[in-house]
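Source: prediction; values computed, not measured. Just follow the structure's listing: the first ligand is 1, and inside any ligand the first atom is 1.
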Amino acid sequence: MPKFEVIRYPHSILRKSCSLVERIDEDVVRIAREMAETMYRDQGVGLAAPQVGISKQLIVVDVGEGLITLINPEITIVEGKDKMEEGCLCLPGITVDVERNACAQVKGVDLDGKPVSFDAEGMLARCFQHEIDHLSGKLIIDRVSKIKRDLALKQYKKLTETE
Ligand code: NI
């Protein structure tokens, strides 16, 4: 069973910029595995390390096409625009319409330290952008207008108070 609990907004770790993973050791491999387990348990399609309290550039993604684990991911090329409803495990219960690039080329390294590159579109492109946002402390509420953000946070506050 995964030992991680997903950290919720407004925890300050969610706002920090994550450091690069310098060395892929046993710890990194274990963290990645437990992050994937946590993502599946909580029925997410992606998870970034800061969401489980680890301020490192590490993400896991599975939009139904298999698990992708990426270390030090970067968006290298983007194309097009697309708007879609998004949620986040750190902000349970709320969704907002987020505009993102429709296509994104993402580079990083896998758990073997091998460079990998993805030319993503659709859900995968969106999910990569969402998770990579987490690595610089950015959340879905930062990607919408102030009015929509205030509304979403009001709703979120109400939900967390009644829990
Ligand atoms: Ni998220």
Asks: Among Asp112, Leu111, Asp110, which one satisfies side chain to side chain contact (heavy atoms under 4.5 Å, CB included) with Ile71?
Replies: Leu111
Asks: Show me, pair by pair, the donor-acceptor contacts under 3.5 angstrom made by side chains of residues 56-66, not counting sequence neighbours?
Replies:
| from | atom 1 | to | atom 2 | distance (Å) |
| --- | --- | --- | --- | --- |
| Gln57 | NE2 | Cys18 | O | 3.0 |
| Asp62 | OD1 | Gly64 | N | 2.7 |
| Asp62 | OD1 | Glu65 | N | 3.4 |
| Asp62 | OD1 | Gly66 | N | 3.2 |
| Asp62 | OD2 | Tyr40 | OH | 2.6 |

Asks: Between Lys146 and Asp150, does any side-chain N to carboxylate O distance fall below 4.0 Å?
Replies: yes
Asks: About how many Å separate CD1 of Ile31 and CD of Glu26, when rounded to the nearest 0.5 Å?
Replies: 11.5 Å
Asks: Taking the Ni ion (ligand 1) as the centre, count the protein N/O/S atoms lying under 2.8 Å from it.
Replies: 3
Asks: Let me have the donor-acceptor pairs involving side chains of residues 75-85, under 3.5 Å, with sequence neighbours excluded, atom names and distances please.
Replies:
| from | atom 1 | to | atom 2 | distance (Å) |
| --- | --- | --- | --- | --- |
| Thr76 | OG1 | Gln105 | O | 3.1 |
| Thr76 | OG1 | Gln105 | OE1 | 2.9 |
| Glu85 | OE2 | Thr95 | OG1 | 3.3 |

Asks: Once ring-ring contact (aromatic ring centres under 6.0 Å, His included) is applied, do any residues pair with Phe4, and if so which ones, sequence neighbours excluded?
Replies: none
